[in-house]
Protein chains: 2
Amino acid sequence: MRPSINTIQTKRIIEALERAGYQATPNRRLVADLVASTNGHFTAADLLERGRREQVKMGRATIFRALDLLTSLRVVERLDLPSGAHAYVVCEPDKHHHHLVCSGCGRSEDVADGELGALVDEIGRRHGYEIQSHRLELFGTCPVCTAASESRSATGDASAEQGGPA
Amino acid sequence: MRPSINTIQTKRIIEALERAGYQATPNRRLVADLVASTNGHFTAADLLERGRREQVKMGRATIFRALDLLTSLRVVERLDLPSGAHAYVVCEPDKHHHHLVCSGCGRSEDVADGELGALVDEIGRRHGYEIQSHRLELFGTCPVCTAASESRSATGDASAEQGGPA
DNA sequence: ATGGTATTGATACTCGGTCTCATCGGTGAG
DNA sequence: CTCACCGATGAGACCGAGTATCAATACCAT
């Protein structure tokens, strides 16, 4: 009934939860688990469905609440796909960063801010704005998907890619 | 019944429409007008309401269709506010650019890509991704709002700002 | 005038997300 | 141990943005 894969990632999330003074309830543990075992972006609906598949049924609201919580702890972040759809991704809570998202499999990687900060400052200065926040989103094809699509186009195979959001 | 402020901006939009082979129908002209006379970001619902205020009532779907059209012509772009809400902004259709949005009044300015392109390439290279697209969104306070908020905090006045989305 | 295509409006629907509210459960005080 | 309390939960209503469907209409060319 309760999966608890308990990867390091899951633990990290649960600890973050407790550190912030929230109860690590079974539901939240499950969400942490699901979220941690996802290597790409996901939606609330994904989690809900995966939860049900694990024989646990949570209210929709609970998922959203958990996700809000994790978002506020910066353990997950919301991003806006090129299609305009929203999705969530797990990420490192500490340093300011951006996301590089594979449009093939949905995998997402944190990208350090790097020189972007300076660039942003420069833009703000040039326009006379006081910049409060910025967001950079990068979309492309990850190495695995690139390789897959190359070998596929060579062999005619049409499956594979990466594990994908799972 | 039909406002037709017909600024240069409005004309530009209508021409873009015709150039692309679409009819410049009254509805579309109105949308162009509304969009052009907005100096910040707006939503479909905003346009609808403003249209009605001008005594013209269009179907909701028509607005969305017009907006889709303008988006495909790159005359407007959709952006994602920090709140997660979607909004549209007018912009220059030609060069690749990003948006700098005032969180006070909603005004938005196009920002040239500048050195960002190189930075993006570098990130792609570093992660082994083939970058297909990127999006940078900057949020801050525009000079007018900054000034307004400064004088306000000095005088205790609480109105003003910029024209705001209108 | 006539047919065909583009446009439109109404309406139903989907989807992500929020709100409300009654219930449930763990924890701490007594 | 019991009780009260408060946080967490689920169900379901609700909401706003956007899409889909479909019939009615406007426009254009012939």
Side-chain angles (χ1 to χ4, degrees), chain A residues 1-2 13-14 17-35 41-52 54-73 76-89 106 165, chain B residues 1-2 13-14 17-32 34-35 41-52 54-73 76-89 165:
Chain A
M1 171 101 184
R2 186 141 303 289
I13 298 176
I14 292 173
L17 218 41
E18 290 175 329
R19 212 174 317 119
Y22 296 102
Q23 294 176 25
T25 67
N27 274 339
R28 288 181 182 159
R29 281 169 193 277
L30 175 62
V31 170
D33 229 23
L34 292 174
V35 157
H41 51 74
F42 55 88
T43 63
D46 287 341
L47 294 192
L48 193 58
E49 199 218 331
R50 286 168 57 203
R52 292 202 200 284
E54 306 265 20
Q55 317 295 329
V56 192
K57 99 175 195 321
M58 291 183 276
R60 233 161 58 89
T62 304
I63 302 264
F64 280 107
R65 282 187 283 240
L67 245 20
D68 281 354
L69 220 50
L70 297 186
T71 304
S72 75
L73 298 175
V76 308
E77 243 171 74
R78 248 165 83 166
L79 53 83
D80 208 43
L81 304 180
S83 68
H86 282 150
Y88 299 84
V89 282
Chain B
M1 174 96 182
R2 186 140 304 288
I13 298 176
I14 292 173
L17 218 40
E18 290 176 329
R19 211 175 315 121
Y22 296 102
Q23 295 175 26
T25 67
N27 275 339
R28 287 180 183 158
R29 280 169 193 279
L30 176 63
V31 170
L34 292 173
V35 157
H41 50 73
F42 55 89
T43 62
D46 288 340
L47 294 193
L48 193 58
E49 199 217 330
R50 285 169 57 204
R52 292 201 200 285
E54 307 265 20
Q55 315 297 328
V56 192
K57 98 176 195 321
M58 289 182 278
R60 235 162 56 87
T62 304
I63 301 264
F64 280 106
R65 282 188 283 239
L67 246 19
D68 281 354
L69 219 50
L70 297 185
T71 303
S72 75
L73 298 175
V76 309
E77 241 170 73
R78 246 164 84 166
L79 53 82
D80 209 43
L81 305 180
S83 68
H86 281 151
Y88 300 83
V89 283

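Throughout, a chain's letter reflects where its sequence line sits, starting with A, and its residues are numbered from 1. Since the structure is predicted, the reported quantities are computational estimates derived from the model, not experimental observations. Values below: every heavy atom of this structure, side chains too, minus hydrogens, waters and symmetry copies.
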Exercise. If only side-chain N and O atoms of Asn27(B) are considered, is one of them under 4.0 Å from the OP1 or OP2 phosphate oxygen of dA26(D)?
Worked result: no
Problem set entry | Nearest-neighbour nucleotide for the Gln23(B) side chain, dG17(C), dT7(C), dG18(D) considered | dT7(C)
Seminar exercise, completed: Taken to the nearest whole Å, CG/Leu69(A) to C1'/dG17(C) is 16 Å
Exercise. Whole-Å distance between dA17(D) C1' and His41(B) NE2?
Worked result: 16 Å
Exercise. Does the ring centre of His86(B) sit less than 6.0 Å away from the ring centre of His86(A)?
Worked result: yes
Exercise. Under 4.0 Å between a side-chain N/O of Thr25(A) and OP1 or OP2 of dG7(D), yes or no?
Worked result: no
Problem set entry | Interatomic distance where CG belongs to Leu67(B) and P belongs to dA17(D) [whole Å] | 12 Å
Exercise. Taking OP1 and OP2 of dT7(C), is either one under 4.0 Å from a side-chain nitrogen or oxygen of Arg28(B)?
Worked result: yes
Problem set entry | Nucleotide nearest Arg65(B) when distance is taken to its side chain, options dG17(C), dT8(C), dT7(C) | dT8(C)
For this session: Respond yes when some side-chain nitrogen or oxygen of Lys57(A) is under 4.0 Å from OP1 or OP2 of dT9(D), and no when none is.
Result: no
For this session: Please report, rounded to the nearest Å, how far the P atom of dG16(D) is from the CG atom of Leu81(B).
Result: 17 Å
Exercise. Within a strict 4.5 Å, meaning less than it, do heavy atoms of the Arg50(B) and Leu47(B) side chains meet?
Worked result: yes
For this session: Would you mind reading off the distance between Glu49(B) atom CD and dG16(D) atom C1', rounded to a whole angstrom?
Result: 14 Å
For this session: Round to a whole Å and report the spacing from CZ of Phe64(A) to C1' of dT9(D).
Result: 15 Å
Exercise. Do you know which two heavy atoms are closest between Met58(B) and Leu48(B), and how far apart they sit?
Worked result: O-CD1, 3.3 Å
Exercise. In terms of the nearest nucleotide of DNA chain C, which residue is placed more toward the 5' end: Gly21(B) or His86(A)?
Worked result: Gly21(B)
Problem set entry | Sugar-phosphate, base or nothing in reach of Ala45(B), heavy atoms under 4.0 Å | sugar-phosphate
Exercise. Under a 4.5 Å cut-off applied to non-hydrogen side-chain atoms, are Asp33(A) and Glu54(A) in contact?
Worked result: no
Seminar exercise, completed: Tightest non-hydrogen contact, residues Val35(A) and Ile13(A), listed as CG1-CD1, 4.0 Å
Exercise. Tyr22(B) side chain N/O closer than 4.0 Å to the phosphate oxygens (OP1, OP2) of dC27(D)?
Worked result: no
Exercise. To the nearest Å, how far apart are Glu18(A) CD and dA8(D) P?
Worked result: 12 Å
Problem set entry | Minimum-distance nucleotide to Ala61(B) side chain [options: dG18(D), dA10(C), dG17(C)] | dA10(C)
Exercise. Do Arg60(B) side-chain and dG18(D) base share a donor-acceptor contact under 3.5 Å?
Worked result: yes
Seminar exercise, completed: Phe42(B) atom CZ is separated from dG18(D) atom P, nearest whole Å, by 11 Å
